[in-house]
Amino acid sequence: MLTKRGSSKSLRWQHSRYSPLGRQWEVSLFTFQFLLFILWDKFLRKNSSKQRQKRAKWLVKNLLQLGPTFIKIGQSLSTRADLIPLEYIQELSQLQDNVPPFSTDEAIAVIEGELGKPVYDLFDDFEIEPLASASLGQVHRAKLYTGKEVVVKVQRPGLEKIFNLDFEVVHRLIRILTRFFKSFKKYNLEAVHEEFFEILFREIDYVHEGKNAERFRTNFRGYSQIKVPKIHWKYSTKKILTLEYLPGIKVDDRAALEANNINLDNIIKLGICSYLKQLLIDGFFQSDPHPGNMAVSQRGELIFYDFGTMAEVKTFAKDQMIQVFFAVLKKDTDTVVDNLVYMGLIEPLNDMTPVKRIVAFLLENFREKPVDVRAFEQVSDEVYSMFKSQPFRLPPQMTFILKSLATLDGIARALDPQYNLLAASQPFVKNLALSGSGGSVVTVMVRQAKEMIKSSLNQSDLSERFFRGFEERIDRGELQFRVRSLENERVLKRINLGIRSLIYACLTGFVLLSASILMTTVYTKFALICFGFAGLFSLFFLKSLISLLLQEKVDKLLEK
């Protein structure tokens, strides 16, 4: 809602009449073409930054052509710098607010069809050029006959139909991936798929979004530094949403904020504290807080836009999140791990020592300063052991919480690369400690805040606490000697995968040769059977080759 767009650019998916088979073919072709590009680059060892940028540009171009479902997937991936290379992050981040608009004639047709009147009978003034565009709609600035300035959010035509098609298409792809690649099963992709599309379908109901905005506005009533646009229900329907016009500077535009003498530290604190309130007190939060959905007014107020992707935290999960939050502030490793296990983020193992060591390392090194990837060299063996036993998993209900936190962290680092989470959250903790009212959740938080402040003030008897903790670790069996060569194990695993790949390659070649010979005889039926086996062995070969390439990549990262 912050930048002016250029002329409309036609997107193929907006004008195509897809059949389920046609859509499946288009999406599958795109998916396998991209996978082949990646495998080809790995095979030729083309891993330069320039090559990754080239592939990322191709990916973004094709996501735009595939439509809103895949634009949304790209937007989600653009926040995951921990999963994909920086070149992809940079290109995918353009999907957040660089989606081409659709034609103004179509937008006016939707407005008039939904509200039942000509556009200039509804608005005293209506800007033809869209103020901003996104994957699901675009925004036009307008003025009511009462004199109030508003923005009119118009949904892209045909969204529901294409979502229904993509729901089935993506589901089939997930089933293929989980069937042929067992490693995908641990991610519970089907549950994530259901959650993702459930949110997408809610997001294209603008009445639902308007109600979310009003609830969000109510939650921040009395907080003068947080602004939420008011909904004009008379000019709103399922596909049209008319809101109060609240202009602002894009929240991650550091140069513009500094030019307007806005204190960046205050904006970071405001953003962090407002999200802690959403997650830990309200249990109702904006799950897609990208920079296009947040702005800063000239007076330094934080403005929230776009309430289509709100999510709720169940009470039991909220209690655990509260405990994890204060345990992080207190560097209480055991409490953090115990609650992460309870929430389903960590799978319990007989020996939790590697997991606890990594969590303690993170709390000690990165709680009050930016993450330095090179520091992980100190725990590289534990990282390898941890991922080998695969203790981490991501329940679908936590996907959007982590996504929103990762995005918010990215915004804060764009404003200040050295920002401190502990310092940014202090106003939130202090306000809780001074508060004496509220429901059960707030009461729990107040108690936790007071205990944290007391523990920070009482720093005596450090040696006593150290020896007590040391004794508890011995009792739990966490302190033990391990004599093993993790480096040799990694080499042996690569050799095993290499031999397996070689065997499948030989079997594929042998069966193909046999089939070719049989085709020249009367035994053509047997030749067809051999071709079928060749296809099966080639799939096994491809799977082993991918596993080998991934293993080599992990080993190289650990050796750096």
Side-chain angles (χ1 to χ4, degrees), residues 1 151 153 199 202-203 205-233 236 241-246 248 251 266-297 299-322 324-326 397-398 400-405 407-408 411-412 424-446 448-449:
M1 292 188 181
V151 290
K153 187 174 179 179
I199 287 182
R202 284 203 305 264
E203 196 173 352
D205 182 355
Y206 285 176
V207 172
H208 179 76
E209 179 177 346
K211 291 178 179 178
N212 283 342
E214 288 194 334
R215 179 178 172 184
F216 192 89
R217 183 183 172 91
T218 300
N219 288 343
F220 281 94
R221 184 175 294 162
Y223 292 80
S224 60
Q225 291 296 302
I226 303 295
K227 295 296 180 183
V228 182
K230 182 181 178 182
I231 306 298
H232 293 272
W233 286 109
S236 300
L241 188 64
T242 303
L243 312 93
E244 176 187 6
Y245 177 53
L246 292 177
V251 72
N266 288 343
I267 298 302
I268 292 174
K269 288 180 180 179
L270 202 55
I272 296 294
C273 293
S274 67
Y275 257 86
L276 290 175
K277 179 183 183 301
Q278 292 175 52
L279 286 168
L280 304 181
I281 297 180
D282 304 330
F284 182 70
F285 67 99
Q286 190 185 53
S287 61
D288 189 22
H290 65 76
N293 289 343
M294 299 169 68
V296 180
S297 73
R299 293 178 293 186
E301 301 155 327
L302 190 61
I303 308 169
F304 284 90
Y305 307 123
D306 197 344
F307 304 93
T309 56
M310 305 300 291
E312 294 194 59
V313 182
K314 294 179 181 178
T315 303
F316 78 90
K318 190 159 54 175
D319 292 343
Q320 302 305 317
M321 287 169 60
I322 291 168
V324 170
F325 171 70
F326 284 101
Q397 66 269 23
M398 296 299 295
F400 300 101
I401 294 176
L402 296 182
K403 175 189 170 218
S404 63
L405 290 174
T407 307
L408 190 66
I411 293 171
S425 61
Q426 278 182 352
F428 177 78
V429 176
K430 287 179 180 178
N431 287 338
L432 280 174
L434 295 174
S435 173
S437 60
S440 58
V441 173
V442 177
T443 303
V444 170
M445 294 194 70
V446 170
Q448 292 275 359

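Starting from 1, each residue takes its place in the sequence as its number.
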Could you state the interatomic distance from CD1 (I303) to CD (E244), rounded to the nearest 0.5 Å?
9.5 Å

Report yes if some heavy atom in the side chain of V207 is under 4.5 Å from a heavy atom in the side chain of W233; otherwise report no.
yes

Exactly one candidate in L302, L270, N266 meets side-chain contact (heavy atoms from CB on, under 4.5 Å) with Q225; the answer is L270

If you take all heavy atoms of M294 and Y305, which pair is closest and at what distance?
N-CD1, 4.3 Å

By the definition side-chain contact (heavy atoms from CB on, under 4.5 Å), identify the one residue from N212, T218, N219 that meets it with R215.
N219

dist K227:NZ -> R217:CZ (nearest 0.5 Å) comes out at 8.0 Å

What I want to find out is whether K153 reaches D306 closely enough, with some N-O distance under 4.0 Å, to be called a salt bridge.
yes

Can you say whether the rings of Y223 and F220 are parallel (under 30°), tilted (30 to 60°) or perpendicular (over 60°)?
perpendicular

Any side-chain heavy atom of F216 within less than 4.5 Å of one from Q278?
yes

Could you state the interatomic distance from CD (E209) to CZ (R202), rounded to the nearest 0.5 Å?
12.0 Å

Pairwise distance NZ(K277) to CD1(I272) - rounded to 0.5 angstrom
15.5 Å

Could you tell me whether a side-chain N or O of S297 sits under 3.5 Å from a main-chain N or O of G248, the two making a donor and an acceptor?
no

Could you check if a side-chain atom of Y275 sits within less than 4.5 angstrom of a side-chain atom of Q286, using non-hydrogen atoms only?
yes

